[in-house]
There are 2 protein chains.
Amino acid sequence: MESLTIGELAVRSGVAPSALRFYEREGLIHASRTGGNQRRYDRAELRRVAFIKIAQQVGVSLDEIREALASLPENRTPTKSDWSRLSARWRHRLEERIAVLERLRDQLTGCIGCGCLSLQRCKLVNPSDRLADRGAGPQMVLNPPSH
Amino acid sequence: MESLTIGELAVRSGVAPSALRFYEREGLIHASRTGGNQRRYDRAELRRVAFIKIAQQVGVSLDEIREALASLPENRTPTKSDWSRLSARWRHRLEERIAVLERLRDQLTGCIGCGCLSLQRCKLVNPSDRLADRGAGPQMVLNPPSH
DNA sequence: CTGCAAGTTGAAGTTAACTTCAGCTCAAGC
DNA sequence: GCTTGAGCTGAAGTTAACTTCAACTTGCAG
């Protein structure tokens, strides 16, 4: 069992065969071919697919994932530290997303009490007259002043 | 200034006129018309738009937002407690999303140390042989057993 | 009254991330 | 060697949430 068929990789990774073909067209994963033109995946591809799935959970687009995967060495199977380096890249982004949602949660909790949701008064939908220079809309939550 | 033009509402809410027309077609907001067929928005629509923007941040689809807005009284302008009731609905969902991301962050932090990202061993991409009954893929993070 | 920014419409386009389809070929068990 | 499930391809379809376009109309300042 040196290599995997597309169906095997699909079951192992939890990603549909159609998605795996799509990832290959998009240059995210690679497959060799049998004499009969069927895909055969090296076991190392499992880890690439795992990386793709995790990065998607973090909220990274396939474009950026492709870019990250392109930075892996081509002449050898990536090591743990190669993967470690790549994973570290997403952590800051993930923490930012969590912070945004936590801020939203805290302010929404406050708003459940006051029921305002007012563009004039509510902290959630910060008043345009106080932050007019930053444009209208819920700036406070979406683009906090501290950032 | 009893009512707002579409341009005024756009500036006030931070939502593009095209999006406001789209929301109206989708039954999320309402506008009356002038003799010349131009939209005029009651100031109460500002709050509806604010609610839509916040719900989107929470990760709620327009379909669900429409459903929630449909539960507002039609015969009177919604009160603070009407809005409060609606906002409370999204809090649990928001907290779940935060929990998923925090779990992901914690495990990704661990994985940066080990660099594994392995479908066989890594906590992030839970082994199919241990949770085979729940299907393949990163079950541990996406659909935690406790749920 | 005129000019022109702002508004109107329906239809079509956009983006991401896939899925579905039709028509065909491959591979493995009996 | 036959059957049948698995795999192949390119093209088209899907969904959400809008945006863009073209052609036309309104409303208000001067």
Side-chain angles (χ1 to χ4, degrees), chain A residues 1-41 45 48-69 93 97 136-138 142, chain B residues 1-42 45 48-69 93 136-138 142:
Chain A
M1 292 200 98
E2 257 295 289
S3 57
L4 302 166
T5 66
I6 196 169
E8 287 163 348
L9 180 57
V11 168
R12 241 53 188 109
S13 66
V15 172
S18 63
L20 293 173
R21 294 195 194 95
F22 173 74
Y23 289 162
E24 186 178 342
R25 276 202 301 283
E26 294 288 304
L28 293 164
I29 60 177
H30 175 259
S32 53
R33 299 296 180 118
T34 65
N37 198 37
Q38 295 196 355
R39 289 173 180 82
R40 284 305 122 91
Y41 297 92
E45 293 302 293
R48 284 179 87 94
V49 177
F51 180 76
I52 293 167
K53 291 201 76 172
I54 291 168
Q56 285 190 309
Q57 283 300 304
V58 175
V60 180
S61 70
L62 289 187
D63 269 5
E64 286 181 282
I65 296 171
R66 173 181 30 237
E67 215 178 297
L69 286 172
R93 178 185 311 227
R97 296 213 322 142
L142 284 67
Chain B
M1 292 196 95
E2 257 295 289
S3 57
L4 304 166
T5 66
I6 196 167
E8 287 163 348
L9 180 57
V11 168
R12 239 59 186 101
S13 66
V15 171
S18 63
L20 293 173
R21 293 195 192 95
F22 173 74
Y23 289 161
E24 186 178 342
R25 276 202 300 284
E26 294 289 304
L28 293 163
I29 60 177
H30 307 292
S32 52
R33 298 299 180 114
T34 65
N37 199 37
Q38 294 196 356
R39 288 173 181 82
R40 284 305 122 91
Y41 296 93
D42 188 282
E45 293 302 292
R48 284 178 87 95
V49 177
F51 180 76
I52 293 167
K53 292 199 76 172
I54 291 169
Q56 284 190 310
Q57 283 301 304
V58 175
V60 179
S61 69
L62 289 188
D63 269 5
E64 286 181 282
I65 296 171
R66 172 182 29 238
E67 217 178 297
L69 287 171
R93 180 184 311 222
L142 283 67

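Numbered from 1 within each chain, the chains take letters A, B, ... in sequence-line order.
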**Q** Output yes when at least one side-chain N/O atom of A/Thr34 is less than 4.0 Å from OP1 or OP2 of C/dA27, else no.
**A**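 Yes, within the criterion.
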
**Q** Identify, with sequence neighbours excluded, every residue that meets side chain to side chain contact (heavy atoms under 4.5 Å, CB included) alongside A/Gln56.
**A**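 Only A/Tyr23, A/Ile52, A/Leu62, A/Ile65 meet the side chain to side chain contact (heavy atoms under 4.5 Å, CB included) criterion with A/Gln56.
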
**Q** Provide, to the nearest angstrom, the distance between the OH atom belonging to B/Tyr41 and the P atom belonging to C/dA6.
**A**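 One finds 16 Å between P of C/dA6 and OH of B/Tyr41, rounded.
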
**Q** Restricting to side chain to side chain contact (heavy atoms under 4.5 Å, CB included), what partner residues turn up for B/Arg93, sequence neighbours left out?
**A**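 Here the qualifying residues are B/Val60, B/Glu64, B/Trp90.
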
**Q** Under the salt bridge (Lys or Arg N to Asp or Glu O under 4.0 Å) rule, collect the residues that match up with B/Asp42, sequence neighbours excluded.
**A** none

**Q** Closest nucleotide of DNA chain C for A/Gly35 versus for A/Leu20: which of these residues is on the 5' side?
**A** A/Leu20

**Q** If only side-chain N and O atoms of B/Thr5 are considered, is one of them under 4.0 Å from the OP1 or OP2 phosphate oxygen of C/dG7?
**A** yes

**Q** Side chain to side chain contact (heavy atoms under 4.5 Å, CB included) with A/His30: which residues, sequence neighbours excluded?
**A**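 A/His30: side chain to side chain contact (heavy atoms under 4.5 Å, CB included) contacts with A/Glu45.
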
**Q** Just to verify, what does B/Glu24 make a salt bridge (Lys or Arg N to Asp or Glu O under 4.0 Å) with, not counting sequence neighbours?
**A**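 Once residues adjacent in sequence are excluded, the partners of B/Glu24 under the salt bridge (Lys or Arg N to Asp or Glu O under 4.0 Å) criterion are B/Arg33, B/Arg39.
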
**Q** Between protein and nucleotides 8-18 of chain C, map the contacts as a letter string: B base, S sugar-phosphate only, - none, heavy atoms under 4.0 Å, written 5' to 3'.
**A** BB-------BB

**Q** A/Ser13 and A/Val49: which non-hydrogen atoms are nearest, and at how many Å?
**A**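 Residues A/Ser13 and A/Val49, closest heavy atoms: CB-CG1, 3.5 Å.
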
